[in-house]
Number of protein chains: 2
Amino acid sequence: MHTREELTEAALGYVFAHGLLNLSLRPLAAAVGTSDRMLIYHFGSKARLIADVLELANRRVSEGMGDFAATARTPQQVVERAWQLMTAPQTDALARLYLELCALSVRDGARWAPAHRKLREPWLDLLHRRLVALKVPGRRATVLATLVLDTLDGLMLDRLVTGDAARVDAAARAFARLLAEPR
Amino acid sequence: MHTREELTEAALGYVFAHGLLNLSLRPLAAAVGTSDRMLIYHFGSKARLIADVLELANRRVSEGMGDFAATARTPQQVVERAWQLMTAPQTDALARLYLELCALSVRDGARWAPAHRKLREPWLDLLHRRLVALKVPGRRATVLATLVLDTLDGLMLDRLVTGDAARVDAAARAFARLLAEPR
DNA sequence: GGCAAAGTGTAGCGGTCGCTACGTACGAAG
DNA sequence: CTTCGTACGTAGCGACCGCTACACTTTGCC
């Protein structure tokens with residue numbers, strides 16, 4: 001007796017582990033203890049199932065983020081805290097999913113870009129709010145939030161693909177240090 | 001009468017346009033004026049065809065790059081030149097392919113990471129050599145090359161997904177400016 | 001000319017895909 | 001007790017996948 005919520009939960013776990021690329025109903029169903037038949041019964045279509053899973057993932061992002069930079073007193077510290085959170089083990093699966101959505105959006109933006117944007121927005125908002133709180137002037141805070149998030153995305157990408165945590169960590173620290181100096 | 005080289009060339013064009021995700025032989029064959037049968041005949045397998053296409057793409061990268069930062073006199077100018085080249089129209093398809101390989105590597109590194117690394121290496125090498133030529137000390141040049149390339153990758157990703165060239169360009173300029181200040 | 005090798009079309013294999021038709025248990029409502 | 005909507009299993013549809021068997025033509029070499 002699986003409810004739709006339970007199935008969504010279990011499916012998110014499966015998607016975290018196996019990705020969205022080449023996701024197919026039958027292995028997913030087997031993994032969560034049901035059948036492709038019942039997934040379609042509950043969700044109506046594969047697209048709807050994926051939409052529900054991504055929405056759940058989105059809620060997880062907002063919850064898991066907390067106010068990671070609440071105690072940061074400089075842009076440098078904001079970046080350091082953000083990087084710390086992004087590279088934490090429990091964020092790993094989410095980061096992979098996020099980068100997967102990036103790639104899918106590049107090829108089929110109409111279908112995937114909205115989901116990508118929704119996963120990105122909480123980070124961007126929090127960075128921006130924190131920079132504003134640190135008295136970074138408005139226009140500059142907007143540009144800097146984009147730069148910081150994009151840079152951390154690029155670093156995460158490198159880290160996940162190469163697995164060379166030490167080298168990428170050094171680059172992340174160098175980036176944070178760049179923000180210590182004014183201008 | 002298609003030779004293997006001609007087919008590789010045409011296939012690269014198709015991959016640029018349609019991506020590696022869900023690439024299938026029959027539409028590809030139709031687009032390049034042959035049949036799936038003949039693609040297998042010439043390349044032996046789909047995997048081999050993709051390997052050849054990526055190798056060709058790799059040669060295109062090295063050719064197309066030239067010495068984009070030859071006249072740069074500061075790290076800031078290096079970044080500006082690199083960004084200029086990356087966002088040039090003729091690099092667009094290549095950037096999409098590169099980011100696609102990133103995502104594929106995240107999910108199946110054993111299969112895709114080598115191709116990703118080969119596409120990345122020419123950029124990393126050139127950035128590093130240029131930074132060294134600008135008298136950036138050795139260890140710092142290595143870290144900085146990683147940081148610059150990862151940041152530009154992240155910015156490209158944002159640019160390609162959101163299509164908001166103006167906002168991302170502003171962030172790229174801000175990044176270049178960060179490198180203008182010493183330390 | 002004889003003949004092997006290279007090239008090419010047709011047809012189809014075994015597999016996976018999302019999804020559906022159909023039948024049936026079962027619990028609540030009348 | 002009957003009725004009916006929800007839950008679920010079985011079987012399979014039609015499309016597409018990478019790839020192959022086989023027969024045929026064309027080509028190049030002796």
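Chain identifiers are assigned alphabetically (A, B, ...) following the order of the sequence lines, protein sequences preceding nucleic acid strands; residue numbering begins at 1 within each chain. On a predicted model such as this, the values are computed, not experimentally measured, just so you know.
Residue contacts shown for A:Thr34 are absent, as no nucleic acid heavy atom lies under 4.0 Å away. Heavy atoms of A:Leu49 sit nowhere under 4.0 angstrom from any nucleic acid atom. Residue A:Leu23 is in sugar-phosphate contact alone, with no base atom involved, counting any heavy-atom pair closer than 4.0 Å across all strands shown.
Here C:dA6 is the nucleotide among C:dA6, C:dA21, D:dC19 with the atom lying nearest to any side-chain atom of B:Tyr41. The side chain of A:Arg37 sits closest to C:dC22 out of D:dG18, C:dG9, C:dC22. Nearest to the side-chain atoms of B:Leu25 among the listed nucleotides C:dG7, C:dT20, D:dC19 stands D:dC19.
Counting to the nearest Å, the C1' atom of C:dG18 and the CD1 atom of A:Ile50 are 11 Å from each other. One atom, NE2 of A:His42, and another, P of C:dC19, lie 16 Å apart when rounded to the nearest Å. Between A:Asn22 atom CG and D:dC17 atom P the separation is 13 Å, expressed in whole Å. Atoms CG (A:Leu28) and C1' (C:dT16) sit 15 Å apart, rounded to a whole Å. Summarising the geometry, the separation between CG on A:Leu21 and C1' on C:dC17 is reported as 16 Å, rounded to the nearest angstrom. Atom CZ in B:Phe43 sits roughly 14 Å away from atom P in D:dG18 (whole-Å rounding). Rounded to whole Å, the distance from CZ on B:Arg48 to C1' on D:dC19 is 18 Å. One interatomic measurement links the two molecules: CD1 of A:Ile40 to C1' of C:dC17, which rounds to 11 Å at whole-angstrom precision.
Remark: A:Leu152 CG to A:Leu157 CG distance equals 12.5 Å, nearest 0.5 Å.
Heavy-atom neighbours of A:Asn22 CG from other residues, nucleotides or ligands within 6.0 Å: at or below the threshold of 12.
Following chains of ILVMFWY side-chain contacts shorter than 4.5 Å, one can reach A:Leu149 starting from A:Leu99, so the two form part of one hydrophobic cluster.
For A:Asp36 and C:dC17, a side-chain-to-base donor-acceptor distance below 3.5 Å is absent, hydrogens and geometry of angles not being considered.
Note on ring orientation: taking the six-membered ring where Trp is involved, the planes of B:Trp123 and B:Phe68 are tilted (angle from 30° to 60°).
Where A:Arg26 and A:Met38 each meet DNA chain D at their nearest nucleotide, the meeting point lying more 5' is that of A:Met38.
Looking at heavy atoms from C-beta onward, B:Val53 lies in side-chain contact with B:Leu49 at the 4.5 angstrom threshold.
Look at A:Ser35 and you'll find a side-chain N or O under 4.0 angstrom from OP1 or OP2 of D:dG9.
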